[in-house]
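Convention: sequence-line order gives letters A, B, ...; per-chain numbering from 1.
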Amino acid sequence: MSQPTTSNPTDFIRDIIDDDLRTGKHEGRVATRFPPEPNGYIHIGHAKSVCLNFGIAAQYKGTCNLRLDDTDPLGESMEYVESIIRDVRWLGFDWGDRLFYASDYFEKLYQFAVELIKKGNAYVCSLSADEVREQRGTFTEPGKESPYRNRSVEENLDLFSRMRKGEFADGAHTLRAKIDMASPNIVLRDPVLYRIKREPHYRTAEKWVIYPMYDFAHCLSDALEGITHSICTLEFENNRPLYDWIVERLIPTHRPQQIEFARLSLSYTILSKRRLIELVEKGLVQGWDDPRMPTVTGMRRRGYTPEAIRKFCAEIGVAKNDNLIDVSLLEHCVREDLNENAPRVMCVLRPLKVVIDNYPENKVEQIESANHPQNSDMGTRQVPFSRVIYIERDDFMENPPKKYHRLGPGREVRLRNAYVIKFENMVKDEKTGEAIELHCTYDPATRNGPPADGRKIQGVIHWVSAEHCIPAQVRLYDRLFSVQDPGREGDDFTKYLNPNSLETLTTCYAEQRLKDAAPGSHYQFERLGYFCVDTKDTVAGKPVFNRIVPLRDSWAKIAGDY
RNA sequence: UGGGGAAUCGUUCAAUGGUAGGACAACGGACUCUGACUCCGUUUAUUAAGGUUCGAAUCCUUAUUCCCCAGCCA
C-alpha cells in the first residue's frame, strides 16, 4: 500500500506540533489516531480527518492508530467496521498492527471507573434520565446536586459492581463524575460516565450491560494508546476540560492534547451521518455506495480516485472557521487526476445515425488513435471506421446559433481522429420533424491532416462505427441536492433532493475496446467527461458506465446565452 | 440568556507588528483534430468604530454577526 506523498502542508495544528517538538513535549513523539464509531459508512468529511491524522503521522515520522470508538452498541456493527477498514485503506493509508477497539478496553475502563469512585470523584446516581435532565439546570441557571451525590465510596463501589452484574434495569442507575453542578460549562455538571444498557454488543456480545460514555472512554483510550495529539472536531471544544479532568485523575503521566478543527461541509450534499443513514433507510438513494453519496464507498463506485480525494483534502486546508467548501473544488481535483491518467475513448450517449454516402459499402479502415493527447506513453489503439456511424445528437442542429462549430445544413465538421465530413441532407421523423438520419460525404484527403485547400474546420466531434460499436448503459450523475446547503437547521433536507441527480441512458454506443473494460477502470469519453466502469452492475461484455464528472464545457455557457 | 469558539476576495486557506498572497470560481484572450488540457491576463477581501505604534489583518477597547453546548449519542 502506498503511503501518499505529502508536500508538508502547514496549518495551526502542525504549528502546535512543531512547538511541542521544539520544547520536547511528549518526548518528541507524534502519535495520532482516527477514531470513527462503526455505526455508518465514512464520508468525505471523515476523509479530511483521515488525511489529517495519517498525514501528520507520516510527516512527523510518528504513528496513527485506527481505533473503532464502539462504546454504544446501538447501531454499531461489524459490517461498518469492515467498511471503515476497506475505505481508509483504499484512501491510501496504513496503520500497521495498530488497529484498536474501544471495546477491547472495557475491562480496563471499568477498573478506571472503580479507581475514580475510590478517589471520591465519581458516584452512582439513581435519578432517572428525565430527573437528571431537569436537575442539570440551563445555560443561565446552575444545576442541582443529585441527592445521591454523597453516597459513601463503599456504597458506590457496591452499586457499581452490581450495575455490571446486571442487577438493575436499564436506566436505573448511572455512574457520574463528581465535578460541579454550578459550572457554566454544562459538560462539567456531573456528566454521566457509565449507563446501563441491555443491548448486545457486536464484539463483546452479552458480556457487558454497562457501557462507558464517549467522554470517559475516548480520553482514556487515547492515553492508553500513548496518543500525543488527539485531533477532533470543533463541537468537542466544550468537552476538552472533561477530557483533561479524567486523564489527570487516572493517567496523569500521559496526557494527550486535544486539538479541535472545523469539520468539512461540502456544497450540494449532506455530511451528517444521521442524515446519510436516513437517505439509505428511506430508500432515497440506492445504498451507502450509491454513486451520488458523499461516502467514500459511494465516491469510489462513482469513480473518484484516492489521489483526487487526498488532493482535495490537502487543498481545503485545516482551520477553525466554519466552512462550506464549493463542490467545484472537489470536481477540479478529480479532473486534474483523471486528465492525466484516464485513457481517452469515444462513446456516443444519444446516437444519431450518419451515412457517409461516398464511402464504399463494405470498407472498414482502422484508424490509429492516441490514448492520450499529451502522453504518448499511453499508446494508441485502432478504431474501426466505416460507412455508417453514430454521432452525438447534440452535435447536429438544423438551425444552429452563431458560434456553433458542429454539424448542420451546409456545414463541415471533423470526425475525431478521422475524416472531415460535410452535411448533404437528412431524413426527418414525419411526426416530430426531428432528424433521424443524416447523409454526409467525406473528404478522403483529410484523414491525416487539414483539407488541401486550406479551409479551416472548426468543429471536431466524436463518433463510433455503427457496425463495430457496442451497446452500453451510461448513468449521468448530478449533485444529490439542488441547494447549496441542504443540511441547514430545521428544514426537512429531503425536500431539497435533486430530482435529476441520476439519468440513465440505455442506448449508448461505445468503441469496441470497451466491451471488456475492467470494472472500476477509468476513461475519458472524449468531449463528454470522465467515466468509470461500474463495479456492481457490469456483467461480462456488457459494461455499465458511471459518469464521474463532466469535462469543463465552455460551450454550455455560450449556448446558455441563446 | 451563561459558557466555549470563529470573523480576510464569490468560496476557501495563508500572511505570526513591515509590499494583503495562493487555490477554486468568475470574466477576457492565446492555442487546439476533445468548445478538453495548457498558457496569458483581469475583477474582487482584512465585520464595525475607536485606540497604541514610524507602521496594525496581526496588539488594546467597545460593539456586531455566525457556530457549538442543556443525549444515559459520538
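Under 3.5 Å, the side chain of A:Asn238 and the base of B:G3 form at least one donor-acceptor pair of N or O atoms. Scanning atom types as modelled, one donor and one acceptor separated by under 3.5 angstrom connect the side chain of A:Gln524 and the base of B:U34. Side-chain to base pairing of A:Gln374 with B:A36: one donor and one acceptor N or O lie within less than 3.5 Å of each other.
For B:G71, the base adopts the syn conformation, since its glycosidic angle falls within 90 degrees of zero.
At a threshold of 4.0 Å, the pair A:Lys311-A:Asp337 does not count as salt-bridged, since none of the basic side-chain nitrogens sits closer than that to a carboxylate oxygen. The pair A:Glu392-A:Arg527 fails the salt-bridge criterion, with no side-chain N (NZ, NE, NH1 or NH2) lying under 4.0 Å from an Asp/Glu carboxylate O.
Look at A:Arg176 and you won't find any side-chain N or O under 4.0 angstrom from OP1 or OP2 of B:C72. Contact annotation: A:Ser554 reaches the phosphate of B:A36 (side-chain N/O to OP1 or OP2, under 4.0 Å). Contact check, A:Ser267 against B:U11: no side-chain N or O comes under 4.0 Å of OP1 or OP2. A close approach under 4.0 Å does not occur between any side-chain nitrogen or oxygen of A:His462 and OP1 or OP2 of B:U34. The side chain of A:Arg416 places no N or O atom within less than 4.0 Å of a non-bridging phosphate oxygen (OP1 or OP2) of B:U32. Within the 4.0 Å cut-off from OP1 or OP2 of B:C73, at least one side-chain nitrogen or oxygen of A:Lys197 is found. OP1 and OP2 of B:G35 both lie 4.0 Å or more from every side-chain N or O belonging to A:Arg406. Between A:Arg189 and B:A70 there is no side-chain N or O to OP1 or OP2 distance below 4.0 Å. OP1 or OP2 of B:U38 has not a single side-chain nitrogen or oxygen of A:Arg552 nearer than 4.0 Å. Between A:Arg527 and B:C33 there is no side-chain polar atom (N or O) within less than 4.0 angstrom of OP1 or OP2. In this structure, A:Lys557 reaches the B:C27 phosphate: one of its side-chain N or O atoms is under 4.0 Å from OP1 or OP2.
Between the side chains of A:Thr295 and A:His43, no donor N or O sits under 3.5 Å from an acceptor N or O. For the residue pair A:Asp485 / A:Tyr268, no side-chain donor-acceptor distance below 3.5 Å is found, with atom types taken as modelled. No hydrogens or angles considered: a donor-acceptor pair under 3.5 Å links the side chains of A:Arg33 and A:His218. Donor-acceptor pairing under 3.5 Å is recorded for the side chains of A:Gln524 and A:Tyr530. With 3.5 Å as the limit, one finds no donor-acceptor pair spanning the side chains of A:Glu511 and A:Tyr523. Looking only at atom types and distance, the side chain of A:Ser267 has no donor-acceptor partner in the side chain of A:Arg479 under 3.5 Å away.
Looking only at side-chain heavy atoms (C-beta outward), A:Pro550 and A:Leu528 stay at 4.5 Å or farther from each other. Between A:Tyr243 and A:Asp222 there is a side-chain heavy-atom pair separated by less than 4.5 Å.
Helical stems of RNA chain B (runs of at least 3 Watson-Crick or G-U pairs, donor-acceptor distances under 3.5 Å) are listed by first residue: B:2-7 with B:64-69, B:10-13 with B:21-24, B:26-30 with B:38-42, B:47-51 with B:59-63.
Within 4.0 Å of A:Tyr194, counting heavy atoms only, lies no atom of the nucleic acid at all. Contact annotation for A:His332: backbone-only contact, meaning every heavy-atom pair under 4.0 Å involves sugar-phosphate atoms and none involves a base. Among the atoms of the strands shown, base atoms are found under 4.0 Å from some heavy atom of A:Asp15. Looking at heavy-atom distances under 4.0 Å, A:Leu528 makes no contact with the nucleic acid at all. Contact annotation for A:Leu551: base contact, defined as any heavy-atom pair under 4.0 Å involving a base atom.
Side-chain atoms of A:Ala319 lie closest to B:C13 of the nucleotides B:A70, B:A74, B:C13. Nearest nucleotide to the side chain of A:Asn321, out of B:C73, B:C13, B:G5: B:C13.
Between A:Leu234 and A:Asp553, the residue anchored nearer the 5' end of RNA chain B, judged by the nucleotide with its closest heavy atom, is A:Leu234. Residues A:Pro450 and A:Glu76 each lie close to RNA chain B; by heavy-atom proximity, the contact nearer the 5' end of the strand is made by A:Pro450.
For the segment residues 215-222 of chain A, no residue has any heavy atom less than 4.0 angstrom from an atom of RNA chain B.
When atom types are taken as modelled, the side chain of A:Arg414 and the backbone of A:Ala418 share a donor-acceptor pair closer than 3.5 angstrom.
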